Asker: 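Below are the structure tokens for one structure; questions will follow.
This is a predicted model, so every value here is computed, not measured. Letters A, B, ... mirror the listed sequences (proteins, then strands); counts begin at 1.
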Amino acid sequence: MLDLKFIREHSQAVKQGILAKGEMGDVDLILTLDEERRKLIHQVESLKKERNDHSKLVSKYKKEGKDASELIQSTKDISIRIKKLDSRLSDIEEKIFTQQSKIPNMPHESTPIGKDASDNVEVRQWGDIPVFDFDILDHLELGERLDILDFKRGGKVTGSGFPVYKGMGARLERALINFMLDIHVDRHGYTEIFPPFVANRASMFGTGQLPKLEEDMYYTKKDDLFLIPTAEVPVTNLHRDEILTADQIPVKYVAYSACFRREAGSYGKETRGFLRVHQFNKVEMVNFVKPEDSYDFHEQLLREATEILELLEIPYRVILLCSGDLSFAAAKCYDIETWSPAEGKWLEASSVSNFEDFQARRANIRFRRERGAKPEFVHTLNGSGLATSRLMVSLLENYQTDEGTIIIPPVLRPYLGGLDVIKRKY
RNA sequence: GGAGAGGUGGCCGAGCUGGCUGAAGGCGCUCGCCUGCUAAGCGAGUAUAGGGGCAAAACCUCUAUCCAGGGUUCGAAUCCCUGCCUCUCCGCCA
């Protein structure tokens with residue numbers, strides 16, 4: 001959410017930002033409504049003052065034994081006028097709020113302006129793309145032959161897009177999650193959170209999923225709750241409506257969660273196997289920091305995420321998203337993509353975003369620099385570190401051998417009881 | 001799911017027979033004084049948001065806020081209704 005005052009004072013910049021992001025948003029309507037709002041506030045507040053004064057007089061008259069009936073009658077009229085104006089005012093404020101919530105965050109100055117993914121900028125690449133001297137298999141075939149992934153039965157239990165991990169596949173998934181959590185906790189100073197996987201409307205609004213992405217989320221009607229699309233939602237909302245003290249900041253949380261996405265209307269391309277699923281696992285890092293530090297933390301977050309891939313020795317590249325490819329709430333975002341030898345392309349395994357105060361304003365997360373200082377909005381950032389589904393694709397495909405086995409990266413072996421290779425059972 | 005209790009400022013905690021109560025008192029914190037030595041005492045201050053005054057800050061002023069939303073009333077933290085949340089007991093379940 002952008003500050004109403006900011007929209008009022010920088011309407012041109014906001015319009016440009018909306019265009020650059022390829023979003024919708026009616027700035028002029030907001031400006032018109034805001035003007036009316038302020039006019040109404042002025043009227044209704046002076047009436048309220050009058051009413052308050054009258055009420056005090058009534059009290060005084062009664063104490064003195066004077067007749068207050070005339071005064072009471074005239075005050076009654078004032079109250080009726082107030083009620084009318086108040087309801088008009090809240091009507092307008094609701095309209096403003098609706099419009100305001102639809103305005104995306106502004107892209108940061110270091111975000112390249114562009115239309116779509118083709119305007120994204122590659123920042124760097126790490127590791128060499130592997131060359132194989134045999135015919136490689138894709139992760140689906142590998143998973144099936146090794147009997148570690150079962151997409152078919154997942155379809156039976158739930159529907160397509162709900163993969164089942166089996167045997168060493170399940171253990172490998174668990175190993176990846178534990179490995180990533182341990183690195184972030186032990187080396188990057190994170191506090192681990194195990195959050196709820198279901199969140200309410202206020203939380204979904206706080207991080208910016210609502211209202212725009214309602215159709216993309218699983219929803220439980222009876223309880224008016226949403227299955228989380230990312231741990232970012234519950235973890236960021238941990239501090240909703242709070243004022244943090246300066247010594248609490250920066251807050252660094254890391255959380256594992258299952259992530260649920262309906263991916264409505266995305267059938268067809270790129271839906272094979274793990275490439276697009278409705279449920280996947282992700283380790284997510286969330287930072288709450290002072291505004292002036294947020295871009296330093298953004299770079300640090302990127303390093304913390306890529307370190308995982310370097311330890312796993314999986315080639316990746318970092319992409320700086322252009323304005324048009326940026327999500328609604330982000331001001332700047334790096335995507336980390338890992339290499340899939342079978343697909344012959346890069347797969348997004350992580351998004352590392354700086355939301356500045358956009359989420360903080362929606363979720364009302366503030367901090368005080370010192371006692372007595374005015375509360376300010378924090379800056380929130382988050383980054384996947386990482387999503388295991390795409391990571392699993394790259395891991396299986398990059399570490400496959402001509403025998404159809406999978407070499408386990410050394411850093412993961414302690415998590416797999418020392419196992420160094422996954423072999424076929426038959 | 002059934003029965004009951006409750007949600008007040010950074011925290012604790014009054015008020016809840018409606019009227020200078022934005023809210024006693026305590027703790028914490030900040031500043032000052034005194035005193036001086038791991039302490040105590042004294043004084044002052046200590047919410048947030050919005051509107052207006054202003055180019056802006058400081059400041060002044062008004063309005064709102066005692067979980068949220070409605071209602072009653074000249075006037076509500078105080079009365080009524082609805083919702084949310086917390087706690088206790090019972091039931092059910094992992």
Side-chain angles (χ1 to χ4, degrees), chain A residues 1-11 30-101 194-206 210 220-226 234 237-249 251 258 357 360-378:
Chain A
M1 184 101 82
L2 295 182
D3 185 19
L4 190 54
K5 210 174 268 174
F6 180 85
I7 297 173
R8 190 156 67 215
E9 287 164 8
H10 304 87
S11 56
I30 291 176
L31 294 179
T32 311
L33 290 169
D34 179 50
E35 209 158 304
E36 204 176 336
R37 165 182 160 267
R38 285 188 289 163
K39 209 180 285 174
L40 274 171
I41 285 174
H42 193 74
Q43 286 177 24
V44 81
E45 285 192 352
S46 50
L47 280 175
K48 279 179 182 173
K49 167 147 175 55
E50 207 176 324
R51 181 177 69 185
N52 288 344
D53 291 344
H54 282 204
S55 289
K56 278 176 196 165
L57 265 183
V58 170
S59 164
K60 198 177 158 202
Y61 280 17
K62 291 208 164 174
K63 270 179 201 159
E64 292 170 357
K66 286 197 215 165
D67 177 33
S69 55
E70 204 172 304
L71 192 56
I72 286 174
Q73 188 52 47
S74 70
T75 312
K76 215 177 230 176
D77 294 340
I78 293 174
S79 277
I80 290 167
R81 286 167 66 197
I82 288 175
K83 197 168 274 185
K84 271 186 194 156
L85 287 176
D86 255 343
S87 82
R88 263 178 66 195
L89 181 60
S90 61
D91 212 52
I92 284 171
E93 286 185 330
E94 199 185 306
K95 277 184 189 154
I96 290 174
F97 187 77
T98 304
Q99 292 302 319
Q100 207 181 342
S101 331
F194 205 121
F197 290 2
V198 183
N200 58 27
R201 233 164 237 289
S203 295
M204 287 298 171
F205 181 82
L210 288 180
T220 64
K221 195 176 173 191
K222 232 175 179 173
D223 300 297
D224 196 25
L225 296 171
F226 297 87
N237 278 285
L238 245 29
H239 292 299
R240 176 152 46 85
D241 294 322
E242 287 186 16
I243 299 176
L244 303 167
T245 57
D247 57 313
Q248 280 177 279
I249 288 188
V251 177
D357 63 4
R361 184 171 284 108
R362 287 186 158 231
N364 193 26
I365 307 168
R366 295 175 292 174
F367 79 104
R368 250 189 259 273
R369 291 183 187 275
E370 53 194 71
R371 292 210 155 266
K374 273 234 176 303
E376 299 172 50
F377 289 112
V378 300

Asker: Identify which nucleotide among B:rA49, B:rA64, B:rG51 has an atom closest to any side-chain atom of A:Arg366, counting heavy atoms from C-beta outward.
Answerer: B:rA49

Asker: Which nucleotide, if any, forms a Watson-Crick or G-U wobble pair with B:rC29, using both distances under 3.5 Å?
Answerer: B:rG45

Asker: So which nucleotide does B:rC79 pair with, by the Watson-Crick or G-U wobble rule with both distances under 3.5 Å?
Answerer: B:rG71

Asker: Treating A:Gln100 as the side-chain partner and A:Leu2 as the backbone partner, does any N or O pair qualify as donor plus acceptor under 3.5 Å?
Answerer: yes

Asker: Just to confirm, is there a sub-4.0 Å distance from OP1 or OP2 of B:rG75 to any side-chain nitrogen or oxygen of A:Asn52?
Answerer: no

Asker: Which is true for A:Ser55 with a 4.0 Å heavy-atom rule: it touches a base, it touches only sugar-phosphate, or it touches nothing?
Answerer: base

Asker: B:rG75 and B:rU63: how far apart are their P atoms, nearest whole angstrom?
Answerer: 15 Å

Asker: Looking at A:Ser59, does any N or O in its side chain come under 4.0 Å of the phosphate oxygens OP1/OP2 on B:rC20?
Answerer: no

Asker: In whole Å, measure the gap between the C1' atoms of B:rG69 and B:rG15 for me.
Answerer: 24 Å

Asker: Could you check, using the six-membered ring where one of them is a Trp, whether A:Phe97 and A:Phe205 have ring centers closer than 6.0 angstrom?
Answerer: yes

Asker: Tell me what A:Lys39 touches on the nucleic acid: a base, only sugar-phosphate, or nothing, going by heavy atoms under 4.0 Å.
Answerer: nothing

Asker: I'd like to know if the side chain of A:Asp67 reaches the main chain of A:Ser69, judged simply by a donor and an acceptor atom lying under 3.5 Å from each other, with no hydrogens or angles considered.
Answerer: yes

Asker: Checking all strands, does A:Lys62 fall into the base, sugar-phosphate, or nothing category for heavy-atom contacts under 4.0 angstrom?
Answerer: base

Asker: Expressed in whole Å, how much space separates the C1' atoms belonging to B:rC89 and B:rA76?
Answerer: 34 Å

Asker: Between B:rG13 and B:rC87, how many Å separate the two P atoms, rounded to a whole number?
Answerer: 16 Å

Asker: Between A:Asp357 (side chain only) and A:Ala360 (backbone N and O only), is there a donor and an acceptor less than 3.5 Å apart?
Answerer: no

Asker: Which value, in whole Å, describes the distance between the P atoms of nucleotides B:rG91 and B:rC20?
Answerer: 49 Å

Asker: Run the salt-bridge test on A:Asp86 and A:Lys48 with the 4.0 Å N-O cut-off and return the result as yes or no.
Answerer: yes

Asker: Could you tell me how far B:rG71 sits from B:rG10 if I compare only their C1' atoms? Round to whole Å.
Answerer: 34 Å

Asker: Counting the atoms with a prime plus P, OP1 and OP2 as sugar-phosphate, which does A:Arg201 contact under 4.0 Å by heavy atoms, base, sugar-phosphate, or nothing?
Answerer: nothing

Asker: Quick one: do the A:Glu93 and A:Ser90 side chains pair a donor with an acceptor below 3.5 Å?
Answerer: no

Asker: Look at all strands and tell whether A:Lys48 reaches a base, only sugar-phosphate, or nothing, counting heavy atoms closer than 4.0 Å.
Answerer: sugar-phosphate

Asker: By nearest atom, which of the nucleotides B:rG51, B:rG71, B:rC74 is closest to the A:Lys83 side chain?
Answerer: B:rG71

Asker: Can you find a donor-acceptor N/O pair under 3.5 angstrom joining the side chain of A:Glu45 to the base of B:rG52?
Answerer: no

Asker: Provide the distance between the two C1' atoms, one in B:rC12 and one in B:rC29, to the nearest whole Å.
Answerer: 15 Å

Asker: Heavy atoms under 4.0 Å, any strand shown: does A:Leu71 hit a base, just sugar-phosphate, or nothing?
Answerer: nothing

Asker: P atom, B:rC42 versus B:rG26: distance in rounded Å?
Answerer: 11 Å

Asker: Looking for any heavy atom pair under 4.0 Å, which part of the strands does A:Ser46 touch: base, sugar-phosphate only, or nothing?
Answerer: nothing

